Each structure stands twice: as structure tokens, then as C-alpha cells.
S.K.: 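Please read through the structure below; I'll follow up with questions.
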Number of protein chains: 4
Amino acid sequence: MNDQTKTGVIRRLQSVEGHVRGIQRMVEEDKYCIDIIKQIDAVQAALTKTQEIILDNHLHTCVTTAIRDDEPARREAVIGEILEVFAITNAR
Amino acid sequence: MNDQTKTGVIRRLQSVEGHVRGIQRMVEEDKYCIDIIKQIDAVQAALTKTQEIILDNHLHTCVTTAIRDDEPARREAVIGEILEVFAITNAR
Amino acid sequence: MNDQTKTGVIRRLQSVEGHVRGIQRMVEEDKYCIDIIKQIDAVQAALTKTQEIILDNHLHTCVTTAIRDDEPARREAVIGEILEVFAITNAR
Amino acid sequence: MNDQTKTGVIRRLQSVEGHVRGIQRMVEEDKYCIDIIKQIDAVQAALTKTQEIILDNHLHTCVTTAIRDDEPARREAVIGEILEVFAITNAR
């Protein structure tokens, strides 16, 4: 990742970390279950957005390089990985 | 899509269509709600698998051609579409 | 399900069936892969909405009856099923 | 939540927090994008499991009490919340 993407991704993950600590406090303070479930959902949405930023960077760098490469095996590898990401993120 | 992929995708969609008709009968015959919900889930899994096959074909054809193209705008377009697919399928 | 819910659910499933047939035509007519993937996503969203309507009905009927029952095993059964629905629909 | 559930949920959230910190290190150390995306997916699966445990507790406590209550408005409220949880977690 270039430095800007890296900084952005780390900042998002730090924010997720703080959010998860906040949810621990909600549990300790006996907050309403449904509100806790909703906060966990918000964390998951933030993580999906982070995955999207990393995938964006990946497509512009590794995938572009590999697909422009003359070696078919390299292209197959990156395409296989994108399909795997699609499969695992949609199987959740 | 090449003919083989096309045939495979259409066959999967026909199977989904039959499955959905079967679920209509389950509703008419007052089958247990939870069983109906599970059958709908199975249809959704079959549709996700179909999307994956179409995406696989797309990456091997349009995306590969566009990324190997000398025109940066064409590359950007296909990359943007993959990210959009990731975003919409994970926002559901 | 009461008659009104049943009619509504069947109508939604018939609409899904028509949508899936339309997507088959898109494949036959070589429509753009990304557009086909998006249409499949719309079908999945319609199916999730249908599951929600069935779950709504189920909570108001079977689940309410079972939880008001004096038999703990009946309550456990319906609660277990709701958790199973949560698990399978979120594991996709 | 009873004490046992509370301890279990907090422990899971602490584990998620550690996992997210580990992913930050992966980003700093320029680990492969696809591996980072997969680790984020594992965190999301752990969060879904945590939601499931909280929902289980909620159904056995608040929901059971409310549905056994003579006040229809209380029942409607908890049923509406379960449907909302279903909708938001499946719209992601």
C-alpha cells in the first residue's frame, strides 16, 4: 500500500479498536442487548469499508501488474484471489 | 460469456426458478415458517454462487482486456465496477 | 401464516421468479456481466425482505404461543430456531 | 446478561480488539493485501458469533418476559426489535 492508503487504513482500524473497547464498557454497564448488537453491526460495517479500501489499492497495484504481465500463471493467481475474497466475504 | 459459462449460468438460474416455485408451494401448503426461511436462504446461496461464476468469467475477459489496454480510463472503469460489486454484495 | 401474509409472500416469490427469468434472458442476450450481477443482487435483497415478512409472522404466532406456554422445552425450541435463522442468514 | 454470558462476551470482544491490533501491525509491515482482507473477515465472523450469543441471552430474558407479559405493546416492542436486528444484520 502507498503511505496515504496505509495511514488511512491504520486510522480506520484504530477507530474500530476504540469502538470495540466502547462496546466492552456497554456490556460491563449492562446496556440494552439490542443496542450492543447494533453497535457491533456498526463495527462490522466499518470493517467492510476498510476491506474495500484495501481491495481498491490491491486492484490498482498487484492485480494491475500481474494482469499486464506476460505470465498467464500470475494473472490466474490474482484473479483466483479476487474470487476467493468475493466468496469468503459473501459467505458471512 | 463463452457458451459453456452461459449454459452453466442459465441452468443454475433455471434451477433457482424451480426452487422459488417450490417455495411458493410450501407457503400455499402452510409448511413451517422456519423451513421456508431456510429454503429461501438456500436459494440465496445458489444465487451468490452464480454471481461468482459470472464474476470469474468477467475477470478473465473484460477485466483482463481493459487492464492490458493502454488507456488508463478503461482500467479505472473496470476496477471501479469490481469495487462496486464488492460494496453492493457486502451491503446485503 | 394468515391469508393476507400468505398472499403477500406468494406475490413476492412470483415477482422473484419473474425477475430470475428476466436475468436468464439477460444472459442469453449477452448483457454486460456487471449488470447481471447487480440484478442477481436485487433478487437476493427481495428474498431477504420476504424472509423478514415470514419471520415477522412467525414471531407473532408460533413464537408467541410457544413462549407463553408452560412447557420450557417448547420455548427453548422456538428460541433455538430464531438463533439458527440468525446464524444461517448471517453466514451467507 | 447474567455474569457468565457477560464474562464470555467481554472475553470475545477483548480477543477481537487484540486481533484488530494485530491487523494494524500487518498493515504497517506491508503484509499482502489479500491476507489482511481475510483477517478482517475472520474478525467479522467473530463479531457475528458475539452478536449471536447476546441475542441468545436477550431471547431468554427480555423477550421471554415481554412476550409472557399481558401488555401487547411490550410484546410488539421486543418483536419489532428482533425484526430490526434481522434487517440490519442482513443488510450488511
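Model, not experiment: these values are computed from the prediction. Each chain gets a letter, A, B and so on, in the order its sequence line appears, and its residues count up from 1.
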S.K.: Hey, could you give me the CD1/CD distance between B:Ile34 and C:Glu81, rounded to the nearest 0.5 Å?
M.R.: 5.0 Å
S.K.: So, for C:Leu13 and B:Ile23, which heavy atoms are closest and what is the spacing to 0.1 Å?
M.R.: CD1-CG2, 3.7 Å
S.K.: Do B:Val43 and C:Val16 have side-chain heavy atoms sitting under 4.5 Å apart?
M.R.: no
S.K.: Tell me if a side-chain donor or acceptor on B:Gln44 pairs with a main-chain N or O of C:Gln44 at a distance below 3.5 Å.
M.R.: yes
S.K.: More than 12 foreign heavy atoms under 6.0 Å from CD of C:Gln4: is that the case here?
M.R.: no
S.K.: Answer yes or no: is there a side-chain heavy-atom contact under 4.5 Å between B:Ile36 and C:Met1?
M.R.: yes
S.K.: Given side chains that start at C-beta, do those of B:Ile40 and C:Ile54 come closer than 4.5 Å, heavy atoms only?
M.R.: yes
S.K.: Roughly how far apart are B:Ile37 CD1 and C:Glu52 CD, rounded to 0.5 Å?
M.R.: 10.0 Å
S.K.: How many angstroms lie between atom CD of C:Glu28 and atom CD1 of B:Ile10, to the nearest 0.5 angstrom?
M.R.: 4.0 Å
S.K.: Please check if the side chain of B:Lys38 supplies one atom and the backbone of C:Val85 the other of a donor-acceptor pair under 3.5 Å.
M.R.: no
S.K.: What closest approach, in Å, do B:Val27 and C:Lys6 show between heavy atoms, and which atom pair accounts for it?
M.R.: O-CE, 3.4 Å
